[in-house]
Q: 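Can you read through this structure? Questions will come right after.
Computed over heavy atoms, backbone and side chain alike; hydrogens, waters and symmetry mates excluded. So that the names make sense, note that chain A is the first sequence line, chain B the second, and so on, each numbered from 1.
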Amino acid sequence: MGGVKNNHENGSDQEVNFFERVYKVAKCIPYGRITSYGAIAKYLGAAKSARMVGWAMNASSKEEDVPAHRVVNRKGLLTGKHHFDGTNLMQQLLESEGIEVIDNQIQNFEKLFWDPMIEL
DNA sequence: ACTTTGACTAAGT
DNA sequence: AACTTAGCCAAAG
């Protein structure tokens, strides 16, 4: 029985997939903090699937509690800002949380970095 | 069912 | 130091 079903896309069931896990971790990101795709992927046991995390973020557009703006690449660069409604919406949100962003680059990235493997 | 892509990352040139 | 290639894996076309 198992809640896990590997049937061909059920579609009807809730999003019990990679995505939901990513959302869950992303929601755990504290205010004024940020993390990287690889860190989340690694926490999920799929360190090599960092891209999937980003892909999941793309789907998170329909999710309201997923602060995708707090997720950046390992360099602290706002690579996904183009996926937001506004051109610099992502940066605006981060600055709104007290994060300093210059030229799409988060300042004190290491200092503000939030590692789910350590924090969780 | 196959091909292409993509909000990554690490390694190579 | 900057650009290119390669590895990765799941979803969309």
Q: Tell me: CD of A:E63 to C1' of B:dA7, nearest whole Å?
A: 16 Å
Q: C:dC9 P sits how many Å from A:I40 CD1, rounded?
A: 18 Å
Q: Can you tell me how far OG1 of A:T35 sits from CE of A:M117, rounded to the nearest 0.5 angstrom?
A: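 Reported value, rounded in 0.5 Å steps: 11.0 Å.
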Q: Given the rule in the salt bridge (Lys or Arg N to Asp or Glu O under 4.0 Å) test, do A:E97 and A:R70 qualify, once you have shown the distances and angles that lead to the verdict?
A: CA-CA 10 Å; A:E97 298 189 359; A:R70 290 182 186 152; 2.7 Å; yes
Q: Report the distance from atom NE2 of A:H83 to atom C1' of B:dA7, rounded to the nearest whole Å.
A: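 After rounding, the reported distance stands at 5 Å.
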Q: Quick check: do A:D65 and A:Y23 have side-chain heavy atoms less than 4.5 Å from each other?
A: no
Q: Side chains of A:N88 and A:K81: is there a donor and an acceptor less than 3.5 Å apart?
A: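 No, no side-chain donor-acceptor contact under 3.5 Å.
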Q: Could you tell me how far apart A:L44 (CG) and C:dC8 (C1') are, to the nearest whole angstrom?
A: 15 Å
Q: Detail all sub-3.5 Å separations between protein N/O atoms and N/O atoms belonging to nucleotides 10-13 of chain C.
A:
from	atom 1	to	atom 2	distance (Å)
C:dA11	O4'	A:W55	NE1	3.3

Q: Quickly work out the A:I106 CD1 to B:dA7 P distance and round it to whole Å.
A: 17 Å
Q: Report the distance from atom CZ of A:R74 to atom P of C:dC8, rounded to the nearest whole Å.
A: 18 Å
Q: With a 4.5 Å heavy-atom cut-off, do A:S61 and A:F84 have their side chains touching?
A: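 With C-beta onward as the side chain, the pair stays apart.
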Q: May I ask you to say what A:A41 touches in the nucleic acid, namely base, sugar-phosphate or nothing, with a heavy-atom cut-off under 4.0 Å?
A: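 Touches nothing.
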Q: For the pair made of NZ in A:K42 and P in B:dT9, what is the distance, rounded to whole Å?
A: 12 Å
Q: Taking atom P of C:dG7 as reference, at what distance in whole Å does atom NZ of A:K48 sit?
A: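 After rounding, the reported distance stands at 12 Å.
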Q: Does A:N73 reach a base, just sugar-phosphate, or nothing at all? Heavy atoms under 4.0 Å.
A: sugar-phosphate
Q: Just to be sure I follow the notation: if a pair is Watson-Crick (purine N1 to pyrimidine N3 plus N6-O4 or O6-N4) or a G-U wobble (N1-O2 and O6-N3), each under 3.5 Å, what dot-bracket string does DNA chain B give, with | for pairs to another strand?
A: .|||||.||||||
Q: Looking only at heavy atoms, which two atoms of A:A50 and A:Y37 are closest? And how far apart?
A: O-CB, 3.8 Å
Q: With the side chain counted from C-beta on, respond yes when A:N73 and A:S36 share a heavy-atom pair under 4.5 Å apart, and no when they do not.
A: no
Q: Treat each ILVMFWY residue as a node, draw an edge where side-chain heavy atoms are under 4.5 Å apart, and state whether A:F109 and A:M90 are in one component.
A: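 Hydrophobic grouping puts A:F109 with A:M90.
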Q: Quick check: do A:Q91 and A:N104 have side-chain heavy atoms less than 4.5 Å from each other?
A: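 Yes, their side chains come closer than 4.5 Å.
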